[in-house]
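Take a look at the structure set out below.
Any value given below was found using the heavy atoms of this structure, including those in side chains, with hydrogens, waters and symmetry copies removed. Convention: sequence-line order gives letters A, B, ...; per-chain numbering from 1.
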Amino acid sequence: MRLATWNVNSLKVRLPQLLEWLARQRPDVVCLQETKLEDAAFPRLEMAQAGYAACFAGQKTYNGVAILSRTEPRAVSVGIPGFQDEQKRVIAASVEQVRVVCVYVPNGQSVGSDKYDYKLRWMGALTAWLATELERHPQLAVLGDFNVAPEEADVHDPRLWEGQVLFSGPEREAFKKLLALGFKDSFRLFPQPEKAFTWWDYRMAAFKRNLGLRIDHILLSPALARRCTGCSIDVAPRRGARPSDHAPVIAELAD
DNA sequence: ATGGTAGAAACTCTA
């Protein structure tokens, strides 16, 4: 089973790129973030024609998450239970025997801002919820844009980013607490090239200079981590015309 | 010293 995540930064704009990428990579499950679409505008038909069922939770202008899957997603749930949030950032569904959680963690804007506090509260609520989900669903995968670079190796210039949003101590600690539940960062289960990133700012020719961060992750429960045979970042879509600022990440699970 | 770019929407906010 091939599991993927991609922050598309507007599904409306990125639909042609997504369709081309689906045809090339043939993933079984794809978690999308920043769809920026109300549910009525979700391109259900185009997805069906590409061979994918979909569940989605969107809103106008900002946020919005979706799960595409080759087979019909079951037991779909939206949001973090008990955590009041107007922003559409979480959708979960069962696909075959795997419980899939798609997350779009708040960006946080800048350290000390209201949005940063919201990000840390949000990550705390996510962690508490996932602790219970792990017990309910041993085969659990959490995929998405976490807006946190966990380690120095995940940042093009750790000294420059020290203490900055996406790499600050409290954010990295919050991410560590998530891993402490038992999840594995699938990317780090395997040898990887140096300076492997999933996001590059649109500005200052950051992609061309590979000034990126690895903030999109595929976390696997212990049972799924044992089945994982590979994880990689596909930078090809970031090179193309009118790209998202994020590249997709793909993990492979043995049957 | 607050730029640089992209997206959505509406003359600004978010990332």
**OP:** With DNA chain B as reference, determine whether Arg203(A) or Pro106(A) sits nearer its 5' end, using the nearest nucleotide of each.
**Re:** Arg203(A)
**OP:** Hey, which sits more toward the 5' end of DNA chain B by its nearest nucleotide, Asn63(A) or Met204(A)?
**Re:** Met204(A)
Original post:
Is the backbone of Pro138(A) close enough, under 3.5 Å, to the side chain of Ser221(A) for a donor and an acceptor to pair up by distance?
Top reply: yes
Whole-Å distance separating the [atom1] atom of [X] from the [atom2] atom of [N]:
X	N	atom1	atom2	answer
Asp245(A)	dA15(B)	CG	P	12 Å
Leu211(A)	dT5(B)	CG	C1'	14 Å
Asn107(A)	dT14(B)	CG	P	11 Å
Arg209(A)	dT5(B)	CZ	C1'	14 Å
Asp114(A)	dT14(B)	CG	P	11 Å
Phe207(A)	dG4(B)	CZ	C1'	18 Å
His246(A)	dT14(B)	NE2	P	17 Å
Asp201(A)	dT14(B)	CG	C1'	12 Å

Original post:
Does the side chain of Ser232(A) reach to within under 4.5 Å of the side chain of Phe190(A), using non-hydrogen atoms?
Top reply: no
In whole angstrom, give me the gap between the [atom1] atoms of [N] and [M].
N	M	atom1	result
dA6(B)	dT2(B)	P	23 Å
dA10(B)	dT14(B)	C1'	15 Å
dT12(B)	dG3(B)	P	14 Å
dA9(B)	dA15(B)	C1'	15 Å

Original post:
Around atom CD of Glu20(A), are there more than 12 heavy atoms of other residues, nucleotides or ligands at under 6.0 Å?
Top reply: no
Subject >> Atom NZ of Lys60(A): over 12 foreign heavy atoms under 6.0 Å >> reply: no
Subject >> Ion pair Asp185(A)/Arg214(A), N-O distance below 4.0 Å >> reply: yes
Original post:
Less than 4.0 Å between a side-chain N and a carboxylate O, is that true for Asp154(A) and Arg188(A)?
Top reply: yes
**OP:** Between protein and nucleotides 7-12 of chain B, map the contacts as a letter string: B base, S sugar-phosphate only, - none, heavy atoms under 4.0 Å, written 5' to 3'.
**Re:** SSS---
Original post:
Atom CD of Glu252(A) and atom OG of Ser186(A): how far apart are they, to the nearest 0.5 Å?
Top reply: 11.5 Å
